[in-house]
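First listed ligand is number 1; within each ligand, the first listed atom is number 1.
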Amino acid sequence: MKRIGELERKYVLEVLDTDFRSSRGGAMTKRLEEMFAALCKCRFAIAHDNGTSTLHAALLAAGVGVGDEVIVPPLTMASTALAVLHAGAVPIFADIDPDTWNLSPQAVKGCLSSRTRAIMPVALYGLMPDMDPLMEIARERNLSVIEDDAECFLGYYKGRVSGSIGHMGSFSFQSSKHLTAGEGGMVVTNDEALALRVRRINSLGYAGVSTTKAKITRDDIQDPEYARHVAVGFNYRMAELCAAVALAQTERAHELIDRRMYVARALGDVLRRASWLVPQHVPDDCVHSYWTYVVRLADDAPVGWHEFRDAYRSLGGDGIYAAWRLNYLEPLFQTGPLYPGGQPFGEDQRAGGITQTFGRGLCPTAERIQPRLFQFKTNYWSDEALERQLDLLGQVIRQVDAAHAAVGGAGR
Ligand SMILES: Cc1ncc(COP(=O)(O)O)c(C=O)c1O
């Protein structure tokens with residue numbers, strides 16, 4: 001199976017054949033948006049240049065601004081928290097569930113303040129968080145919920161597809177993701193007013209765009225009196241060439257995502273042989289879409305993180321990815337300043353009600369789990385390459401167990 005195939009090439013050539021004529025502006029983007037909205041069972045989809053600008057645009061559309069707080073998990077790729085900073089707001093980190101490693105609704109409750117404006121749960125590694133209690137908290141406090149589903153295309157929570165539960169959902173087409181155009185992103189929503197706001201933020205504040213119209217065309221601007229800009233916007237639009245690839249990938253979504261799930265099952269079958277590797281817990285009412293397959297090294301494991309990684313690599317295994325350092329332990333949160341004018345969570349703002357100190361001890365569960373995670377990639381497109389990795393993993397596990405047995409351990 002090929003990740004990028006004939007359909008992607010066909011659509012790219014279609015775009016090239018238009019000579020990028022502005023009278024045809026946005027044709028491929030429009031097709032992509034319609035198809036992607038249908039995939040996510042949402043009314044609107046707005047294509048972006050990446051899955052960080054999507055989060056920024058969604059936050060701004062939700063009215064998040066300077067002095068506001070947005071609750072996020074600490075165990076995620078940094079864009080989740082960075083986008084909050086881009087909006088001039090402050091990320092507040094709520095701890096994770098010890099088994100699913102996703103944002104804990106209980107911890108979110110403990111992070112609420114009068115400044116909280118939004119919650120941004122992340123579907124970590126392809127698993128949806130426990131959305132019902134998060135939506136309930138949002139309803140009670142009149143907050144916006146923006147799903148960061150960059151890693152979760154076609155994941156399901158209680159029968160509902162990722163992107164369709166929160167007020168908005170955000171996806172990434174970056175090169176490692178389930179569906180890719182090299183770079184790219186998408187915001188989905190069922191709310192017409194939010195869709196229009198996201199579109200304007202993404203399109204330089206143009207008057208001539210709409211929930212479903214991605215680009216202004218030549219006809220719009222053939223009048224010297226034409227009033228173009230009705231808002232401060234960014235240029236976060238997806239390029240037509242990327243839209244061509246993303247459209248083909250969206251048409252092939254089930255095939256591409258099923259492959260990831262197949263690889264994850266195969267990895268799980270091998271990794272389960274190690275009693276000291278604990279997989280991410282998938283609740284019965286969720287369908288995991290497996291951007292990566294992730295296991296945690298048990299507390300009493302007979303091997304260390306680096307030791308296992310090195311043993312696997314020395315046999316010829318692919319590198320194993322570590323989980324990102326917790327966002328608030330990144331140097332940028334420790335030292336700042338983030339902006340020339342100082343960081344948005346400086347002393348003044350802290351005095352104004354911001355409660356968190358970004359240091360060790362803030363989210364103990366995440367701090368305990370993050371250093372023990374192994375992320376295995378699921379984007380193997382050839383069975384031969386996959387089988388080889390499975391074989392090597394089996395060998396490393398046997399090696400560890402044999403070494404442990406030799407020193408008199410119980411194999412745990
Ligand atoms: C959870 C999460 N959020 C946001 C992003 C940002 O997406 P992009 O790289 O397209 O900006 C990513 C991945 O890259 C991600 O994994």
Atoms of ligand 1 close to Asn50 [distance to a heavy atom under 4.0 angstrom, numbered from 1]
10 (O), 11 (O)
Quick check with a 6.0 Å cut-off and a 45 degree axis cone: is Lys158 positioned over the face of Tyr156's six-membered ring?
no
Taking His48 for the side chain and Ile46 for the main chain, is one N or O donor matched with an acceptor at less than 3.5 Å?
yes
Near Gln174, which atoms of ligand 1 are under 4.0 Å from a heavy atom of that residue?
9 (O), 10 (O)
Which of the numbered atoms in ligand 1 are under 4.0 angstrom from any heavy atom belonging to Ser79?
4 (C), 5 (C), 6 (C)
Any N/O pair Glu183/ligand 1 closer than 3.5 Å
no
Taking Leu124's backbone N and O only, do any of them form a donor-acceptor pair with Asn102's side chain (distance below 3.5 Å, no angle check)?
yes
Looking only at protein heavy atoms, what sits closest to atom 5 (C) of ligand 1 is Met77 SD, 3.6 Å
For Ser172, the atoms of ligand 1 under 4.0 Å from one of its heavy atoms are 7 (O), 8 (P), 10 (O)
Give the numbers and elements of all ligand 1 atoms closer than 4.0 Å to a heavy atom of Lys177.
12 (C), 13 (C), 14 (O), 16 (O)
Check whether Glu240 reaches the backbone of Thr29 with its side chain - one donor and one acceptor, N or O, closer than 3.5 Å.
yes
Under 30°, 30 to 60°, or over 60°: which ring-plane class applies to Phe376 and Phe374, parallel, tilted or perpendicular?
tilted
Protein heavy-atom partner closest to atom 15 (C) of ligand 1 - residue, atom, separation in Å
Ala150 CB, 3.4 Å
A student checking ligand 1 against Thr76 at a 4.0 Å heavy-atom cut-off should list atoms 1 (C)
Any side-chain to backbone donor/acceptor pair from Gln370 onto Trp324? Under 3.5 Å, distance only.
yes
Within the 4.0 Å heavy-atom shell around Val122, which atoms of ligand 1 are there?
1 (C)
Taking distance alone, with no angle check, do Thr52 and ligand 1 share an N/O pair under 3.5 Å?
yes
Look at the aromatic rings of Phe153 and Phe173 and report parallel, tilted or perpendicular, splitting at 30° and 60°.
tilted
Test of proximity, Trp291 against ligand 1: N or O pairs below 3.5 Å
no
Residues Asn379, Arg3; criterion side-chain contact (heavy atoms from CB on, under 4.5 Å); working and verdict
CA-CA 9 Å; Asn379 59 344; Arg3 190 181 192 200; 4.1 Å; yes
Residue and atom name of the nearest protein heavy atom (relative to atom 3 (N) of ligand 1), distance in Å to one decimal:
Asp148 OD2, 2.7 Å
What do you reckon, is CD of Glu136 surrounded by more than 12 foreign heavy atoms closer than 6.0 Å?
yes
Checking a contact table here: which protein heavy atom is nearest atom 8 (P) of ligand 1, and how many Å away?
Gly51 N, 3.4 Å
Please examine the side chains of Glu330 and Phe358, heavy atoms only from C-beta on, and report whether any two atoms are closer than 4.5 Å.
no
Look at atom 1 (C) of ligand 1 and say which protein heavy atom is nearest, naming residue and atom and giving the distance to 0.1 Å.
Glu151 OE2, 3.3 Å
